[in-house]
Visitor: 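One structure is given below, represented as structure tokens, and several questions about it will come after.
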Amino acid sequence: MMGKANSRRSTSSQASSKLSTASRSLFSKSSPKASASGAGNSGTSESPVSARTSLLNVLRRPKSSHAITSVTSTNASSKHGQSFDSFNEDDYSDHGSTVASSYASSIRSSWSSRSSSSEDIAKRYENYLETPFVNTTTTIKHSEYGVCTNPNWRWTSHWDPAEPVHPEEEPQPPYYILLSTYLSYLLLIVLGHIRDFFGKRFLPKAYAHLVPHDGYAALNSDFDSFYTRRLKMRLDDCFSRPTTGVAGRTVVCYDRVSHDENNTFQLTGTTTRALNVSSYNYLGFASSSGPCADVVEASLHKYGVSSGGLRHDTGTTDLHEQTEKLVARFLGVESAYVCSMGFATNATTIPALVSKGCLVISDELIHASVRFGVRISGANVRAFKHNNLKHLESLLRESISQGQPRTHRPWKKIMVIVEGLYSMEGTLVPLPQLLELRNKYKFYLYLDEAHSVGALGPNGRGVCDYFGIDPREVDVLMGTFTKSFGAAGGYIAGTKHLIDRLRVTSHHMTYAEAMSPAVCTQIIATMSAIMGVAPPLASPPALEEPNDASSIVSRASRTFNYGPVPSHMLPSFMKLPQVVLNGLDGRDRLRRIAFNSRYLSSALRKLGFVVYGHRDSPIIPLLIYNPAKMLLFSQMMLNRFGADKTPIVIVVVAYPATPLITSRIRFCLSSSHTKHDMDMLLRACEEIGTLLDLKLAKQTMTVEQVIASAEELVASTHV
Amino acid sequence: MSSAAGASTSHHGSNSMEVPAPLLPLLSILSSLFLNLSSVFHRIPGSPIILRYIKSSYQDDPYRSLLEVLLVAFAIRTIFKGRTGGEGQGKSFIKFSEKEIDELVDEWRPAPLVEELEESDIQTLSSVPTIHGPGGTHVKLSAGGKSVLNLASIDWLGLVEADQMKQTAIDTLKEYGVGTCGPAGFYGLLDVHLRFQSEVAEFLGTEDAIVYSQAYATTASVIPAFAKRGDIIVADRGVNFAIQRGLQISRSQIRWYAHGDMEDMERVMQQVEKERKRKGGKLTKKFIVTEGIFENDGMMVDLPKVIELKHKYKYRLMLDESHSFGMIGAHGKGVTEHYNIPASEVDMLIASMANGCAAGGGFCAGSSVVCSHQRINSSASVFSASLPAMLATTASTALTVFNNQPELFNALQANSLLFRQILNKLEPTPFSVPPCDPAYITPSESMPPPAVTNNEALIHIPSHPQSALIHIFLLNPPSTLQEEEAMLQDIVDETLNTSQVLVTRARRLRGQEGLEPEPSLKICMSSNFTKKEVEKAAQALKQAITKVCSKRR
Ligand SMILES: Cc1ncc(COP(=O)(O)O)c(C=O)c1O
């Protein structure tokens, strides 16, 4: 067991040698003795410790952080003694994609009689994150993209009209939770003010930058920064953990401690590899090896890192043009252009679309980059309640009938800006109904698909694909390459006329740096992996013209034909293996993320957690409410006390990204996760969620029942 | 009512329960008022239900009633605040029936999403060159075409083609992949970012630095992270587009001073001070925003004077070194090195890693307070995925080149100077620069060009002699901006067609820039050019300018 702790917490040598001496002085290194001594002690102290004690240990973190990994709870182990029976069976079906019985559950009984001790489990999981249980021949590392061959653990992401797109009301927590949450914040605020009061008097130096001095106004007044200093700083251990390597299925985090109440963190010099359910790596294309990385390497040899300059000077290479044509093809629209940053895509395009005298109506939870762009544009803004089309309609009726404020002149245009998949809620935009509204009220629709493109739909084309809607119905399609494609930047797509005009008027084209050719190549490689590549002679299916006469319903029900990409559209240096060219790899990725998302989302609900969002969404928010539990959850996930002890990194989101009361954990799933990873995550949530009293809804199944019936859960139309 | 009653008892102290005579009428008025109110309340339809609800809910769960009361109060507040910018219930609200609204909706004809492409737009689009294959000093403009000499790419030190950069990128790829798949807050903060940040901070001599994933967004986001509504920004009129957008987002009060005019700057600062005194206002944050080498004309800021005024009037300085970082100074540290001023004197030093470093992204260097503030408050840093690892490592490699190969900067300046000397034949006044004299300061207010001593003069170049970014303006431009741009495009085409030298004209979004910059040709020098190549390019450009200008006459 201790060997495991050692292997995961690799000592500084390799990883931190990457940090130059300069940065080391920055982090004023402390000796990596923590892990060494932790390992030494635990070999002898085998006294069983209860889960409560583990909780206390976590509370005492960081001083005793390494001790926790060595502790096994009797409660947990007895529970897991039986609960881990089934991993052998998972293993078996991992091997046996050819096993005759289609459902793994049918062979479960033969294994359940065997029981394993927690040592066995720990031993078995020693190299869990790096080495698969089965032998494979792929060039992609298991730690970046998990090996999961069982064909039953696949699903196709598509809209089922029987499932509501957006639930009428969110699940509500019990009152005592609300009350204790408010009280917690109250307490924190009162304590914060008391500390400020005394701090200002006794430690004036620490406040120097927060109060006016020498005739300079404070850069950031103590009042403005109160939340950051007195509330967020207590949670700072959850944020900005430095990492190294690829943020794939697993990620390597630098261990760190703080000796001054989170003002600064010191790296201890050790690292921890953890299961990563935090990165936006939806299709698992973030990888340092494998076909896509090879193509990028070839492109780096040819093009180098930078194309040197602005798009309208000499920043446009043939690679940029190929990328843009491919993006348009991928999305099923006429034309597209790319931008070197996703945030800037919104910030530089929206001002080219709307101006003074125009009205923008956006969802209240719209992303900051959209707000940034709208503010530059000078258009009027209103917001409608999240996904509430009734509210949107009443706003539209009011705005159109009233016209511009004071003058009552009619609006020049009205643009409604929504996201396909909301990154904090996991909710989908009700696109079919929105398009009906669009036809009635004649607004323009701007759809930000930052999170949905790639991650949703049977063909991975985003929400249009998911709902079976012709993408040409949406006026402006926006998305980013940071997420599903493991690259960087964003795109705007639409009709040729729109894009040509925006090429002239968007701020990005004239003033911002061009995308790096290496990033273009990553986009081309990943997109063609999703699409599949048609052999040279096959003529590609022509894009049919949208028929404006047909009603929205019939158009919506017409499935759009997304064909493979003809090989002449790809750069000649690009050599992809057959499994990528024929689209099997891409399809497998789409179906794995669909299964993982639906499985975890349904399972957490069955376990009694309060979960927001759509079941098909790879973003799964688990509600925490109390501020203190956020930190605990995050630290306990990293320093697991359960039987397998595999560390997990998660994202916590709190005010101001969410309302004050509904702070949450956000899981971002990926194709790179295996079913096994999901099981492990569920067990971890069960352990920690029970301890922290997070199961606030009705629990209908135990965790082992849930794991055993994964396929049924995914296939069922409601939970 | 209750407060009045409370006041009366407290007034009274503790001496007895009896009510003094003068208060009796007041009490009777209060009680009758209460009776009236309660009867009014009972007359409201549905009031018994409300009462019963409140009573029972209090019995069931006192906390819940407390919570509900708070919620109701909160809801009322929210409604009155009208959070979503709803001017809806304002004074000028007109009430319509549903039918009228339907009619208005039917009648409303929105403008098209985007306007039709104009002739000039089509020309703009068709004049954008496509580079086939790698960038660098020699590029191909069509597949399999002849290569041309490229003076249009920003590549001061020839790093775009450097094998060292490619190798770094490939090594990084093999360990980090391409994208980071997350913002810095959520596991997107890589050790290579930390390394670049500390390296660049050490290189410049600041406490800390913060990396952004695009240079344009860096500038546009750093400014509003600090300057808020009510703050004062004193800015140069000639600042670039990204700064203008940042200023706009900040919603601060912007005071412009004439481009490069330090006296005007002081005048504006005095005026700000006077106004503050007159209003007796409170102390607000004050910023100076300017550029190192101006993107729009290549002029250099008079940094010593700016620093002096900044200290005198208690301003903070935001200096955009997007173009000067990696170009100016013995090691490319920018204008601070050129003037021998510690970079820590600049409060927020914003620079690009896409230009000088030939990588991508941008950074802001400053004190650790300044940088940690941005990590939480700057939207382009918080709400965007972090910079791809390979761009951070190649930028690190570029820094090593800056440190170890200062001769490249000498070569760059020699090339710029040579180019300027040849083109000087077309300028009104002779060009005489003591080479590499740090005391040389661009004459302020160059916009009305100096008196003509050269009768053959066709152009003037306000750019600083050491600037590798050279802007060429026409001396006697045609009357409209459009004609002028067309003429410059003719020069660009002529240079390319007759001499295979690629230059470009500065692209602008007309109507969106603050102070419309005059059209200009934009030349980017590189240390990678041989002397011959620079001569060839300068001669070619000179001929093209002469030819196009004479055709017009
Ligand atoms: C909806 C939305 N739009 C835009 C962006 C910005 O994209 P990028 O991270 O590529 O800058 C994000 C990223 O978080 C997003 O969620």
Side-chain angles (χ1 to χ4, degrees), chain A residues 18-19 22-23 26 209 212 215-217 239-240 242-244 246-247 278-281 286-288 297 300 303-309 312-314 316-318 340-341 343-344 368 376 382-383 397 400-401 405-406 412-413 442 444 482 486-488 498 501 504 510-513 516 522 651, chain B residues 84-85 87 92 96 101 104-105 108 110-111 113-114 121 128 130-132 134-135 152-155 160 165-166 169-170 174-175 177-179 181-182 185-187 189 191 195 198 202 213-217 241 245 283-285 314 354 358 360 369 373 379-380 383-385 388 394 504 507 509:
Chain A
K18 271 180 257 134
L19 288 171
S23 62
L26 182 76
H209 64 285
Y216 286 93
F239 305 113
S240 301
T243 65
T244 183
V246 174
S278 318
S279 293
Y280 306 134
N281 175 28
S287 61
S288 59
E297 185 182 342
L300 277 168
Y303 287 90
V305 185
S306 158
S307 63
H312 275 185
D313 291 349
T314 54
T316 307
T317 67
D318 47 348
S340 48
M341 182 194 194
F343 185 95
I376 290 180
R382 303 194 70 173
R397 290 177 74 81
I400 296 178
S401 62
R406 286 210 315 283
K412 283 194 217 150
K413 3 177 182 174
K442 297 174 279 198
Y444 296 110
T482 343
L498 170 80
R501 177 74 193 162
V504 181
T510 317
Y511 297 105
E513 75 224 44
S516 160
Q522 168 84 2
V651 163
Chain B
T84 49
E87 56 284 316
S92 63
F96 291 110
I101 294 181
L104 284 166
V105 165
W108 181 58
L113 182 55
V114 287
D121 298 339
V128 174
T130 306
I131 309 294
H132 287 256
S153 290
I154 298 176
D155 182 18
V160 165
M165 303 283 278
K166 286 184 193 172
I170 290 169
K174 291 192 173 152
E175 211 168 317
V178 180
C181 288
F186 301 149
Y187 305 96
L189 180 66
D191 48 1
R195 193 178 72 190
S198 56
E202 197 182 77
S213 44
Q214 192 195 44
Y216 175 90
F241 193 80
R245 297 289 79 78
L283 198 57
T284 51
K285 281 174 277 176
K314 314 262 184 224
V369 170
H373 178 79
S379 34
F383 297 108
S384 177
T394 44
T504 182
R507 312 265 175 178
L509 287 181

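Lettering of chains follows the sequences in order, A, B, ..., and the numbering in each one begins at 1.
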Visitor: Compare every heavy atom of A/Pro212 with every heavy atom of B/Leu283, then report the nearest pair and how far apart it is.
Guide: CD2-CB, 3.9 Å
Visitor: Identify which part of B/His373 has an atom lying under 4.5 Å from any heavy atom of chain A, answering side chain, backbone, both or neither.
Guide: side chain
Visitor: At a heavy-atom distance under 4.5 Å, which candidate from B/Ala358, B/Gly182, B/Pro388 has the highest pair count against chain A?
Guide: B/Ala358
Visitor: List the atom of A/Val305, the atom of B/Thr394, and the distance in Å for their closest heavy-atom pair.
Guide: CG2-CG2, 3.7 Å
Visitor: Would you say B/Tyr216's side chain and A/Met341's backbone share a donor-acceptor pair under 3.5 angstrom?
Guide: no
Visitor: Atom CZ of B/Arg245 and atom CD1 of A/Ile376: how far apart are they, to the nearest 0.5 Å?
Guide: 6.5 Å
Visitor: Against chain B, label A/Tyr511 side chain, backbone, both or neither, depending on which of its atoms sit under 4.5 Å from a heavy atom there.
Guide: both
Visitor: Do you know which of B/Asp155, B/Thr504, B/Asp121, B/Val369 has the most heavy-atom pairs with chain A at a distance under 4.5 angstrom?
Guide: B/Asp121
Visitor: If I compare all heavy atoms of B/Asp191 with all of A/Thr244, which pair ends up nearest, and what's the gap?
Guide: OD2-OG1, 2.8 Å
Visitor: Counting N and O atoms only, with roles assigned by atom type, does the side chain of A/Gln522 sit under 3.5 Å from a partner on the main chain of B/Gly179, one being a donor and the other an acceptor?
Guide: no
Visitor: Within this structure, what is the OH-OG distance for the pair B/Tyr187 and A/Ser278, rounded to the nearest 0.5 Å?
Guide: 5.0 Å
Visitor: Could you tell me which of B/Gly360, B/Ser379, B/Ala385 has the largest number of non-hydrogen atom pairs under 4.5 Å with chain A?
Guide: B/Ser379
Visitor: Where does A/Ser340 contact chain B at under 4.5 Å (heavy atoms): side chain, backbone, both or neither?
Guide: both
Visitor: Shorter than 4.5 Å, heavy atoms on both sides: which option in A/Gly309, A/Ala488, A/Ala247, A/Ala368 has the most such pairs with chain B?
Guide: A/Ala368
Visitor: If you take all heavy atoms of B/Ala152 and A/Asp313, which pair is closest and at what distance?
Guide: O-CB, 4.0 Å
Visitor: What part of B/Ser153 gets closer than 4.5 Å to chain A, counting heavy atoms only: side chain, backbone, both or neither?
Guide: both
Visitor: If you tally heavy-atom pairs under 4.5 Å against chain A, which of B/Leu104, B/Ile170, B/Ile154 wins?
Guide: B/Ile170
Visitor: At their closest point, which heavy atom of B/Lys166 faces which heavy atom of A/Leu300, and how far apart are they?
Guide: CD-O, 3.4 Å
Visitor: Under 4.5 Å, counting heavy-atom pairs only, tell me which of B/Trp108, B/Phe383, B/Phe186 racks up the most with chain A.
Guide: B/Trp108
Visitor: Only pairs of heavy atoms separated by less than 4.5 Å count here; which of B/Gly135, B/Ala169, B/Pro134 has the most with chain A?
Guide: B/Pro134
Visitor: Starting at CG of B/Leu189, measure out to OG of A/Ser240 and round the result to the nearest 0.5 Å.
Guide: 6.0 Å
Visitor: Backbone N or O of B/Val114 within a donor-acceptor pair of the A/Arg501 side chain at under 3.5 Å?
Guide: no
Visitor: Given 3.5 Å as the limit, does a donor-acceptor pair link the side chain of A/Lys442 with the main chain of B/Pro110, or not?
Guide: no
Visitor: Can a donor-acceptor pair be found, under 3.5 Å and without considering hydrogens, that links the side chain of B/Lys314 to the backbone of A/Tyr216?
Guide: no
Visitor: Closest approach of A/Val246 and B/Gly177, non-hydrogen atoms and distance?
Guide: CG2-N, 3.8 Å
Visitor: With a 4.5 angstrom heavy-atom cut-off, is it the side chain or the backbone of B/Thr284 that approaches chain A, or both, or neither?
Guide: backbone
Visitor: Yes or no on side-chain contact (heavy atoms from CB on, under 4.5 Å) for B/Val128 and A/His312, after CA distance, side-chain angles and deciding distance?
Guide: CA-CA 6 Å; B/Val128 174; A/His312 275 185; 3.7 Å; yes
Visitor: Side chain, backbone, both or neither: which part of A/Thr243 has an atom under 4.5 Å from a heavy atom of chain B?
Guide: both
